[in-house]
S.K.: 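What follows is a structure written as C-alpha cells; I'll ask about it next.
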Amino acid sequence: MEIRSAEEIEILRENAIIVSKTLAEVARLIKPGVKTITLDKIAEEFIRAEGAVPGFKGYRGFPATLCVSVNDEVVHGIPGERVLINGDIVSIDCGCQKYGFFGDSAYTFPVGEVDPDVRNLLMRTKDSLFRALEMAVAGRRVGDISSAVQEYVESLGYSVVRELVGHGIGRQLHQKPDIPNYGRRGSGAKLPAGLTICIEPMINMGAKNVVQSQDGWTIRTADRMPSAHFELTVAVQKEKADVLSTFRYIEEVLGPSTI
Ligand code: MG
Ligand code: MG
C-alpha cells in the first residue's frame, strides 16, 4: 500500500473534483430520449477542457470515457446508441487523469419517473457508501469498510456483488488494497493515514450473482434485476476521512432530492 504526501493528495483532489464536476455535467442531460453515447461525448469534452484526459478510455482497451450501465447492468457498460427511457436507472462511472494521478467516481441516476422500490435501492446504496466513508479512518481495517456496506444493505434485503471491488488509487487507476463491499468487521489490512482509496458499493436488488455480457465488458445481474453503484475517492486520515470527490455538484444541478 502506498502512502500519499499532502501534495499528492491535493493532486488527487483536483482529479476527484474534475470527475465530480463531469458527473454533474452528465446529470444535466439525463432524461428520457438521450443516447448514452451523447453523455460520453459531453464527458470527454468537459474532462479535456479541464486539462485532464479520460481515465478509462484505452484502459485495458476500454473504448469510452464513461462506463454507462443501465438497469440490470452493474458496471462497465459501453456507451452507444442505446436510448434512455422513462423508468430506467443509469450508473455513470467516470475516470480522469491529470498530472500523473487519477480520479474515479460514480453515481446512479433515475431517468424520469422510477419505480419506488428501485428508487429505494439507489438511496440505500448511496447511504451505504456514506456509512463506509466513516470507517475510512487511520487504524481501522479494510473489513470495517466492507462490513459497513454489507451489514447495512443485507439488512434491507439487497445483495452485494462479490466479483468487483473498490481499490486504492494514485498514479494507477487501480492499485492496492482491494476494498470489497463484503467482509468481517476488524479483518483485513490496517488503514494508514495518507492511503487514498475508492469506495464503491455495487448493490443488487435481487441475488448477488453477475454475468459478463457478449461485448466482453458489461457486467449485469444474472437474474436481470436492477443494480446500483456509487463511488467516491477518499484519503484515509486520523479521526475522519478526507473525502476528495463529491456529489455536491450533482446536487447543485438536480436539486436536493437527487434520487
Ligand atoms: Mg469508478
Ligand atoms: Mg473505481
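Only a predicted model underlies this, so the values are computations on that prediction, with no experimental measurement involved. Along the sequence shown, residues are numbered consecutively beginning with 1.
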S.K.: Side-chain contact test, heavy atoms from C-beta onward, threshold under 4.5 Å: evaluate it for N209 versus D223 and give yes or no.
M.R.: no
S.K.: Taking only residues two or more places apart in sequence, or in another chain, which ones meet E252 in a salt bridge (charged side-chain N to carboxylate O under 4.0 Å, His left out)?
M.R.: none
S.K.: Are F230 and F247 close enough that some pair of their side-chain heavy atoms sits under 4.5 Å apart?
M.R.: yes
S.K.: Does any part of the side chain of I169, heavy atoms only, come nearer than 4.5 Å to the side chain of I197, both counted from C-beta?
M.R.: no
S.K.: If you define the side chain from C-beta out and look only at heavy atoms, does anything of Q237 sit under 4.5 Å from I9?
M.R.: yes
S.K.: Can you name the residues that form a salt bridge (charged side-chain N to carboxylate O under 4.0 Å, His left out) with R184, not counting sequence neighbours?
M.R.: none
S.K.: Kindly say whether I47 contributes a backbone atom to a donor-acceptor pair with the side chain of T22 at under 3.5 angstrom?
M.R.: no
S.K.: What are the two closest heavy atoms between L122 and A228, and how far apart are they?
M.R.: CD2-CB, 3.6 Å
S.K.: Between V114 and I89, does a side-chain contact (heavy atoms from CB on, under 4.5 Å) hold up when you go through it step by step?
M.R.: CA-CA 7 Å; V114 169; I89 56 170; 4.0 Å; yes
S.K.: So, are E73 and R220 salt-bridged, with charged N and O less than 4.0 Å apart?
M.R.: no
S.K.: Run through the side-chain heavy atoms of Ile, Leu, Val, Met, Phe, Trp and Tyr, join any pair under 4.5 Å, and report what else lands in Y249's cluster.
M.R.: I17
S.K.: Are any of the side-chain nitrogens in E25 or R28 under 4.0 Å away from the carboxylate oxygens of its partner?
M.R.: yes
S.K.: Say whether, by atom type as modelled, one donor and one acceptor occur between the side chain of D88 and the main chain of V111 under 3.5 angstrom.
M.R.: no
S.K.: Going through the checks in order, is the side-chain contact (heavy atoms from CB on, under 4.5 Å) test met by T108 and T125?
M.R.: CA-CA 9 Å; T108 305; T125 303; over 6 Å; no
S.K.: Please round to the nearest 0.5 Å and tell me the distance separating atom CZ of F56 and atom CH2 of W217.
M.R.: 10.0 Å
S.K.: Is the closest side-chain heavy-atom distance between K126 and L129 below 4.5 Å?
M.R.: no
S.K.: Scan side-chain atoms only and decide if Y158 and N204 contain a donor-acceptor pair under the 3.5 Å cut-off.
M.R.: no
S.K.: Can a salt bridge be assigned to the pair E154 and K208 using a cut-off of 4.0 Å between side-chain N and carboxylate O?
M.R.: no
S.K.: Might you work through the salt bridge (charged side-chain N to carboxylate O under 4.0 Å, His left out) test for E251 and R248, ending with a clear yes or no?
M.R.: CA-CA 5 Å; E251 287 157 10; R248 158 175 103 238; over 6 Å; no
S.K.: I'd like to know if the side chain of D40 and the backbone of A64 have a donor-acceptor N/O pair within less than 3.5 Å.
M.R.: no
S.K.: Between E50 and K98 (salt bridge meaning N to carboxylate O under 4.0 Å), is one present in this structure?
M.R.: no
S.K.: For E200, does its backbone N or O pair with a side-chain atom of N181 as donor and acceptor, under 3.5 Å?
M.R.: yes
S.K.: Between C67 and F62, is there a side-chain heavy-atom distance shorter than 4.5 Å?
M.R.: yes
S.K.: Starting from L195, can I reach L133 by hopping between I/L/V/M/F/W/Y residues whose side chains sit under 4.5 Å apart?
M.R.: yes
S.K.: I'd like to know if the side chain of S91 and the backbone of S69 have a donor-acceptor N/O pair within less than 3.5 Å.
M.R.: no
S.K.: My understanding is that a hydrophobic cluster links ILVMFWY residues whose side chain heavy atoms are under 4.5 Å apart, including indirect links. Using that, what else belongs to the cluster containing V74?
M.R.: V75, V161, L164, M202, V210, I219
S.K.: L191 and A136: which non-hydrogen atoms are nearest, and at how many Å?
M.R.: CD1-CA, 4.2 Å
S.K.: Quick one: list whatever passes side-chain contact (heavy atoms from CB on, under 4.5 Å) with K57, sequence neighbours left out.
M.R.: E44, P54, T65
S.K.: For S227 and D72, indicate whether the former's side chain and the latter's backbone hold a donor-acceptor pair under 3.5 Å.
M.R.: no
S.K.: Is the centre of the Y59 ring less than 6.0 Å from the centre of the H174 ring?
M.R.: yes
S.K.: Shortest non-hydrogen contact from N15 to C96?
M.R.: OD1-SG, 3.3 Å
S.K.: Is the NZ or CZ atom of R162 positioned over Y182's six-membered ring, under 6.0 angstrom from the centre and within 45° of the axis?
M.R.: yes
S.K.: Counting distance only, does the side-chain N/O of D144 pair as donor-acceptor with the main-chain N or O of G186 below 3.5 Å?
M.R.: yes
S.K.: Would you find a donor on one side and an acceptor on the other, under 3.5 Å apart, between the side chain of R131 and the backbone of A148?
M.R.: no
S.K.: Taking all non-hydrogen atoms of both residues, which atom of T233 and which atom of C198 are closest, and how far apart?
M.R.: OG1-SG, 3.4 Å
S.K.: Answer yes or no: is there a side-chain heavy-atom contact under 4.5 Å between V149 and I203?
M.R.: yes
S.K.: Would the distance check show the side chain of D178 and the main-chain N or O of P180 forming a donor-acceptor pair, the cut-off being under 3.5 Å?
M.R.: no
S.K.: Would you sort out whether H167 and D104 count as a side chain to side chain donor-acceptor pair (under 3.5 Å), showing the intermediate values?
M.R.: CA-CA 10 Å; H167 50 91; D104 184 12; 3.0 Å; yes
S.K.: Test of understanding: with side-chain contact (heavy atoms from CB on, under 4.5 Å), list the residues that count as partners of L29, not counting sequence neighbours.
M.R.: L39, I42
S.K.: Determine whether a donor-acceptor pair (N or O, by modelled atom type, separation under 3.5 Å) exists between the side chain of T38 and the backbone of V34.
M.R.: no
S.K.: I'd like to know if R185 pairs up with E151 as an ion pair, taking the criterion as any Lys NZ or Arg NE/NH1/NH2 lying under 4.0 Å from an Asp or Glu carboxylate oxygen.
M.R.: yes
